[in-house]
Visitor: 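One structure, as structure tokens, below. Some questions next.
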Amino acid sequence: MPLKAWLRTYLNPEVGIDEGWIREHRGTSATAEGVTRWREFIEAANQQPDLLLCRVARSATEIAGVVCGRRGRVVTLGPMYVLNHVQGRGLGGRMMTEFLTWAGAAPICPWDTDDNDSAIRFHQRHGFTITGERELRQGSLPDVGMTREVVSAAGHR
């Protein structure tokens with residue numbers, strides 16, 4: 001599923017992100033080894049739910065979405081993918097709500113590809129703001145940092 005999402009979302013030959021680059025850098029998720037690593041992460045998340053989160057949403061025929069998180073000094077969001085043909089139906093919002101509930105009041109700092117306007121708008125609808133930080137993921141993929149203010153149990157920021 002992550003490979004399919006990358007192929008549909010991140011193709012950008014102008015910056016060197018073509019199908020070959022994506023398959024080289026993300027293609028292992030579609031191999032037997034990659035599937036085994038996903039299963040191991042899901043099992044680890046089931047065993048350590050305070051430190052790891054992984055939720056998979058299925059349609060009748062395929063994995064339609066996934067959201068994962070790790071708790072450390074900050075909470076890391078990702079990967080989070082929702083296939084294009086199921087976007088706009090509330091699945092991403094439900095997954096984000098579950099992630100935010102799991103994260104609690106911890107700081108969350110996701111990164112989005114800077115030309116993925118739909119992901120940036122999605123995060124902004126869920127209270128994230130752009131930090132201005134930028135980085136090149138794997139030397140080619142331009143990312144922009146985002147953050148979400150910590151909200152206390154009393155609702156104070």
Visitor: Flag yes if V56 and Y81 sit in one hydrophobic cluster, no otherwise; membership is Ile, Leu, Val, Met, Phe, Trp, Tyr, and two members link when side-chain heavy atoms are under 4.5 Å apart.
Guide: yes
Visitor: Under 4.5 Å between side-chain heavy atoms, counting indirect links through other Ile/Leu/Val/Met/Phe/Trp/Tyr residues: same cluster for F99 and M80 or not?
Guide: yes
Visitor: Would you give the length of the straight line joining atom CD of E62 to atom NE2 of H85, rounded to the nearest 0.5 angstrom?
Guide: 4.0 Å
Visitor: In the single-linkage hydrophobic clustering (I, L, V, M, F, W, Y; side-chain heavy atoms under 4.5 Å), do L53 and L51 co-cluster?
Guide: no
Visitor: Tell me the closest heavy-atom pair linking A64 and V86, and the distance in Å.
Guide: O-CG2, 3.8 Å
Visitor: CG of N116 to CZ of F122: how many Å apart, nearest 0.5 Å?
Guide: 11.5 Å
Visitor: Same cluster or not: are V75 and L100 linked, directly or through other Ile, Leu, Val, Met, Phe, Trp or Tyr residues, by side-chain heavy atoms under 4.5 angstrom apart?
Guide: yes
Visitor: Would a distance-only check, ignoring hydrogens and angles, find a side-chain to backbone donor-acceptor pair under 3.5 Å from R55 to M95?
Guide: no
Visitor: With heavy-atom distances below 4.5 Å as the criterion, would you say the side chains of R94 and T97 are in contact?
Guide: no
Visitor: Hey, is E43 close enough to R39 for a salt bridge, meaning N to O under 4.0 Å?
Guide: no
Visitor: Any chance you could measure M146, atom CE, to T129, atom OG1, to the nearest 0.5 Å?
Guide: 6.5 Å
Visitor: Can you check whether G145's main-chain N or O pairs, donor with acceptor, with T131's side chain at less than 3.5 Å?
Guide: yes
Visitor: Between atom CG of D112 and atom CG of D117, what is the distance when rounded to the nearest 0.5 Å?
Guide: 10.0 Å
Visitor: Any link between M96 and W111 through a network of hydrophobic side chains (Ile, Leu, Val, Met, Phe, Trp, Tyr) touching at under 4.5 Å?
Guide: no
Visitor: Can you tell me how far NE2 of H123 sits from CZ of R125, rounded to the nearest 0.5 angstrom?
Guide: 10.0 Å
Visitor: Apply salt bridge (Lys or Arg N to Asp or Glu O under 4.0 Å) to residues R37 and E33 and explain how you reach the verdict.
Guide: CA-CA 6 Å; R37 280 198 310 267; E33 180 182 332; 2.9 Å; yes
Visitor: With rounding to the nearest 0.5 Å, note down the distance linking CD1 in I120 to CG in D114.
Guide: 6.5 Å
Visitor: Could you tell me which non-hydrogen atom of Q87 sits nearest to which non-hydrogen atom of V82, and how far apart they are?
Guide: NE2-O, 2.8 Å
Visitor: State, to 0.1 Å, how close C68 and C54 come at their nearest heavy-atom pair, and which atoms those are.
Guide: SG-SG, 3.0 Å
Visitor: For residues V67 and L77, report the shortest heavy-atom separation together with the two atoms involved.
Guide: CG2-CD1, 3.8 Å
Visitor: Please check if the side chain of R71 supplies one atom and the backbone of W102 the other of a donor-acceptor pair under 3.5 Å.
Guide: yes
Visitor: Could you tell me which non-hydrogen atom of I108 sits nearest to which non-hydrogen atom of A103, and how far apart they are?
Guide: CD1-CB, 3.7 Å
Visitor: Could you tell me which non-hydrogen atom of C109 sits nearest to which non-hydrogen atom of T147, and how far apart they are?
Guide: SG-OG1, 3.8 Å
